[in-house]
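Data block below; observations after.
Quick note: numbers below take in every heavy atom, side chains included, and nothing from hydrogens, waters or symmetry partners. Residue numbers start at 1 and run along the sequence shown. Read the numbers this way: they start at 1 and go in the same order the structure lists the ligands and their atoms.
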Amino acid sequence: MRVELGSRGYSILIGRELLASAAGLIADEVGHRRCVIITDRNVAGLYLQQLEASLLSCGDYAGSVVLPAGEASKSFSQFERLVEKLIGMGVERGDMLVALGGGVIGDLVGFAASVLRRGVRFVQIPTTLLAQVDSSVGGKTGINSSHGKNLIGTFHQPSLVLIDTDVLDTLPRRELLAGYAEVVKYGLIDRAEFFAWLEKNLGRIVDGDPEARAYAVTTSCKAKAAVVAADERESGRRALLNLGHTFGHALEAWAGYDGSLLHGEGVAIGEVLAFQFSERLGLCPSGVSGRVARHLQQAGLPTAISDIATSSSPTVEELLRHMQQDKKVKGGELVLVLARNIGESFIQKSSPLAELKDFLTEKVFREQG
Ligand SMILES: NC(=O)c1ccc[n+]([C@@H]2O[C@H](COP(=O)([O-])OP(=O)(O)OC[C@H]3O[C@@H](n4cnc5c(N)ncnc54)[C@H](O)[C@@H]3O)[C@@H](O)[C@H]2O)c1
Ligand SMILES: [Zn+2]
């Protein structure tokens with residue numbers, strides 16, 4: 001499939017056993033270039049050799065860099081280490097970076113590619129479900145600041161996204177489910193029939209049925225590519241992709257990025273909260289948030305603040321503060337993605353803060369009780 005962005009457009013290839021033929025696929029798309037692979041320790045142990053062998057066979061292999069796994073690698077210190085290392089390896093403007101890993105590697109490598117020698121090309125080979133359906137497509141790159149996540153970054157589109165769905169077989173189940181919350185998101189935004197398909201095929205996806213997985217990944221990439229093509233730099237419609245994220249990010253920030261709440265788990269709770277809040281404002285028929293919550297619960301995802309495995313609960317003030325710090329705040333007004341129904345989400349520019357406060361108070365207290 002193509003992401004239609006004119007001269008910055010690119011292909012997304014989705015299939016099985018693509019890793020073994022990656023070098024040929026890259027060369028077909030962008031010609032032969034010297035490629036440096038950047039990956040994390042976990043993924044290196046599983047897939048680096050295979051990718052190296054493929055690039056070596058085409059004579060395009062220029063080395064690899066293996067970073068520690070985890071969100072902490074999206075930092076200034078790892079970024080500095082990486083770009084210094086790449087310059088030391090003699091990476092030139094015409095060379096190619098290959099990001100092999102989850103969203104952490106994809107975001108960091110994309111950012112490095114956007115500034116190294118004023119910009120080099122890069123290929124995304126996403127290995128988590130979250131990265132395959134979300135972070136590898138769209139060109140948002142970046143690292144975290146001590147003030148918050150993803151506050152330093154660029155828009156830099158990849159030259160190619162190569163999605164080998166077989167690599168999901170080794171992904172820990174909790175990570176797979178976290179990515180699944182993003183798959184569900186596309187159904188909730190504007191594809192009601194896809195949500196209904198997910199309700200029927202959840203078991204096949206979670207148990208690793210290749211056809212069901214390929215369909216879910218392809219539909220998700222199509223949905224994301226359409227939104228990105230319409231609004232590359234998020235001046236409007238792209239903000240729909242933040243459904244569940246303003247609530248989710250606040251919960252993640254409160255939980256402290258220590259592994260107690262994965263991004264996708266925060267998004268799952270956030271999706272339910274967005275529908276519950278929409279119902280409360282009378283925007284959405286009652287019962288719809290229940291259907292959303294049931295599906296996510298069936299998948300094994302958390303759907304309420306009380307599902308987070310921490311010793312304490314957040315206060316409403318903490319949550320509101322984090323929500324207002326989220327970069328989706330414009331001119332002091334909170335922008336939320338709300339919904340009229342499944343598949344009918346919209347951007348609410350100035351959300352009523354007093355109502356939101358009452359709603360969160362109810363969520364935090366009632367669920368604690
Ligand atoms: N750029 C964007 O548009 C965008 C969108 C969504 C999320 N993100 C970012 O993505 C990041 C999260 O990405 P993630 O959830 O992929 O996390 P991740 O990259 O940390 O990967 C999760 C874990 O799975 C391991 N792993 C990866 N692939 C594996 C495989 N095939 N088998 C076994 N283990 C494997 C990794 O080593 C890691 O321990 C966050 O930093 C988030 O901000 C970016
Ligand atoms: Zn997300």
Would Arg16 and Asp166 pass as an ion pair if we require N to O under 4.0 Å? yes
Backbone, side chain, both or neither: what part of Thr127 comes under 4.0 angstrom of ligand 1, heavy atoms only? both
Whether Glu182 has an N, O or S atom under 2.8 Å from the Zn ion (ligand 2): yes
Nitrogen or oxygen of Glu71 less than 3.5 angstrom from that of ligand 1: yes
Distance to 0.1 Å, residue and atom name: give those for the protein heavy atom nearest to atom 39 (O) of ligand 1. Asn42 ND2, 3.1 Å
Side chain or backbone, does Leu130 bring an N or O within less than 3.5 Å of an N or O on ligand 1? no
If you measure every N/O of Thr128 against every N/O of ligand 1, is any gap under 3.5 Å? yes
Closest non-hydrogen protein atom to atom 33 (C) of ligand 1, residue and atom name please, with distance? Thr170 O, 3.2 Å
Salt bridge present between Lys140 and Glu234 (N-O < 4.0 angstrom): yes
Before you tell me yes or no, could you show the steps for Phe194 and Tyr186 under ring pair (Phe, Tyr, Trp, His ring centres under 6.0 Å), namely the whole-Å CA-CA distance, both residues' side-chain angles and the distance that decides it to 0.1 Å? CA-CA 8 Å; Phe194 181 50; Tyr186 297 113; 7.7 Å; no
Below the 3.5 angstrom mark, is there an N/O of Arg238, backbone or side chain, next to an N/O of ligand 1? no
Please determine if Arg237 and Asp190 form a salt bridge, counting it only when a charged side-chain N lies under 4.0 Å from a carboxylate O. yes
SB check Glu355 Arg280 (cutoff 4.0 Å): yes
Is the closest N or O pair between Val104 and ligand 1 shorter than 3.5 Å? yes
Between Leu46 and ligand 1, find which residue part has any heavy-atom pair under 4.0 Å and reply side chain, backbone, both or neither. side chain
N/O of Thr141 under 3.5 Å from N/O of ligand 1, yes or no? no
Of the backbone atoms (N, CA, C, O) and the side-chain heavy atoms from C-beta on, which set of Lys74 has a member under 4.0 Å from an atom of ligand 1: side chain, backbone, both, or neither? side chain
